[in-house]
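What follows is one structure encoded as structure tokens, with my remarks underneath.
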Amino acid sequence: AILDALASIKVPAIEVHLSNIYAREEFRRQSVISPVVAGCISGLGWRSYACGIQAIIGLIQDRAAEK
């Protein structure tokens, strides 16, 4: 359902994980939404959210500049 919702919107999305998913169990390394997001940030703790917000702002600004 999340994949479908993200695929249907016109705004960019970033996948954010607090922990490093590649240092965890194998099943946590599989992303269901990676085909429809602009990028993935992981492993920075709470800073992952800050980086995600900065990335979204930059992507939106880039789109606005292209128009």
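Sequential numbering from 1 along the given sequence is applied to the chain's residues.
- A salt bridge does not link E66 to R63: none of the charged nitrogens lies less than 4.0 Å from a carboxylate oxygen.
- Between the R24 side chain and the S19 main chain, no donor and acceptor come within less than 3.5 Å of each other.
- Between the side chains of S34 and E15, no donor N or O sits under 3.5 Å from an acceptor N or O.
- Between the OH atom of Y49 and the NE2 atom of H17 there is a distance of 9.5 Å, given to the nearest 0.5 Å.
- Across G52 and V16, no two heavy atoms sit closer than the pair CA-CG2, 4.3 Å.
- The cluster map of Ile, Leu, Val, Met, Phe, Trp and Tyr, joined by side-chain heavy atoms under 4.5 Å apart, puts V11 and V37 in the same cluster.
- Of the inter-residue distances, the one linking Q30 atom CD with I21 atom CD1 reads 9.0 Å to the nearest 0.5 angstrom.
- From I41, atom CD1 reaches atom CD of Q54 across 8.5 Å, with rounding to the nearest 0.5 Å.
- The two residues G43 and S48 make their nearest non-hydrogen contact at N-OG, 3.9 Å.
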V32 vs I2, test: side-chain contact (heavy atoms from CB on, under 4.5 Å). Steps then yes/no.
CA-CA 9 Å; V32 178; I2 294 173; over 6 Å; no

Candidate pair I14 and C40, rule side-chain contact (heavy atoms from CB on, under 4.5 Å), full reasoning:
CA-CA 6 Å; I14 301 286; C40 178; over 6 Å; no

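- F27 and Y22 fall into different hydrophobic clusters, where Ile, Leu, Val, Met, Phe, Trp and Tyr side chains are chained together by heavy-atom contacts under 4.5 Å.
- Going from atom CD of Q61 over to atom CD1 of I56 covers 11.5 Å, rounded to the nearest 0.5 Å.
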